[in-house]
J.: 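Attaching a single structure in structure tokens format; questions to follow.
This is a predicted model, so every value here is computed, not measured. The chains referred to below are lettered A, B, ... by the order of the sequence lines, with proteins before strands, and numbering in each begins at 1.
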2 protein chains.
Amino acid sequence: MSGTEERELVTQWRDLMTCYNKVACDLDRELQDQHGLGLSEFEALDRLIESGQDKLRMHELAEGMYLSQSAFSRTVARLERAGLVGRSMCMDDRRAMFVTATENGRARHSEARDTHRKVLAHHLS
Amino acid sequence: MSGTEERELVTQWRDLMTCYNKVACDLDRELQDQHGLGLSEFEALDRLIESGQDKLRMHELAEGMYLSQSAFSRTVARLERAGLVGRSMCMDDRRAMFVTATENGRARHSEARDTHRKVLAHHLS
DNA sequence: GTGCATCAGATGCACAAGCATTAAATGTCA
DNA sequence: TGACATTTAATGCTTGTGCATCTGATGCAC
């Protein structure tokens, strides 16, 4: 790997970090201030509702998310504590838990969605 | 904003999150395991050494970094505790602190650099 | 000079993250 | 059936982060 290639790689990575952190930070602040939702909370809620499914297993919802298993588990716990999702047993596999959006959850998501899209539009191309 | 545009925006953002978190997590783990350096620690050390300057003010070094002021302050404190950088008063402006890489700091950076570049090359185009 | 805004950096605090571990249910194979 | 590995999700623990605040030093206007 040449020195020039290295430099480009590092520059690319730094740009990525800067961009990600700017957006994530701004997004988190806006969602928190205006809707009382953290970034990962919104993300989980968003994916749950947009899946079109009434209920999803934890594992299915976690799929494709950027969080570790433990962080995800706690995120859903926070959403549940806030009354935005409900959890129920899965009878087919009693290890698994179903997650469902509550009415409050859908309402909150609907409100927060605009903020989310607006911040993204502002930062990304 | 049309629905299609929205979808693209969200997809773009999710890809960015996924990519960033994969790289950051992997990078942090490798740097930590192999060299006892956290991601931000390496980043600060890297920028300090690559600046070509013998010493930099905290503020100058923080410039362009993705961290908040407090997080950056603590990062340098950790580096100092590890003996990788030194801090000294700036006589021109006694509010400011100079940061300098120590011999140990340069050595550690030199070792870690390869790991860093390798992980980046593996993940980024 | 005095007063006041501003700036550099450190710190108290609350919280979300990852790692390792745990508990219980399920799968597998003899 | 019984023993053992695997999977699903939760939890104890430590640590890094951002926000707000604090302490000093500097700049500026009067």
J.: I'd like to check the side chain to side chain donor-acceptor pair (under 3.5 Å) partners of A:Arg87; sequence neighbours left out, ordered by chain and number.
T.: A:Glu80
J.: Counting primed atoms plus P, OP1 and OP2 as sugar-phosphate and everything else as base, spell out the protein contacts along nucleotides 8-18 of chain D at 4.0 Å heavy-atom distance: B, S or - for each nucleotide, 5' to 3'.
T.: SBBBBB--SBB
J.: Can you name the residues that form a side chain to side chain donor-acceptor pair (under 3.5 Å) with B:Arg47, not counting sequence neighbours?
T.: B:Glu43
J.: Please report, to 0.1 Å, the donor-acceptor pairs under 3.5 Å made by any side chain of residues 3-10 of chain B, with sequence neighbours excluded.
T.:
residue, atom, partner, partner atom, Å
B:Glu5, OE1, B:Ser2, N, 3.0
B:Glu6, OE1, A:Arg117, NE, 3.3

J.: According to the ring-ring contact (aromatic ring centres under 6.0 Å, His included) rule, which pairs have a member within residues 15-37 of chain A, sequence neighbours left out?
T.: A:Tyr20-B:Trp13, A:Tyr20-B:Tyr20
J.: Listing time: all N or O pairs from protein to nucleotides 1-4 of chain D that are below 3.5 Å?
T.:
none

J.: Tell me, which pairs form a ring-ring contact (aromatic ring centres under 6.0 Å, His included) where one or both residues lie in residues 58-85 of chain A, sequence neighbours left out?
T.: none
J.: Taking 5' to 3' order, which nucleotide of DNA chain C is first and which is last to have an atom within less than 4.0 Å of a heavy atom in chain B?
T.: C:dC7 to C:dC19
J.: Identify, with sequence neighbours excluded, every residue that meets side chain to side chain donor-acceptor pair (under 3.5 Å) alongside A:Ser40.
T.: none
J.: By side chain to side chain contact (heavy atoms under 4.5 Å, CB included), which residues pair with A:Thr18, not counting sequence neighbours?
T.: A:Lys22
J.: Quick one: which residue pairs count as a ring-ring contact (aromatic ring centres under 6.0 Å, His included) with a foot in residues 84-110 of chain B, not counting sequence neighbours?
T.: B:Phe42-B:His109
J.: With side chains defined as the heavy atoms from C-beta onward, is the minimum distance between B:Val85 and B:Thr100 less than 4.5 Å?
T.: no
J.: Once side chain to side chain contact (heavy atoms under 4.5 Å, CB included) is applied, do any residues pair with B:Asp114, and if so which ones, sequence neighbours excluded?
T.: none
J.: Under a 3.5 Å cut-off for both distances, is C:dT28 Watson-Crick or wobble paired, and to whom?
T.: D:dA3
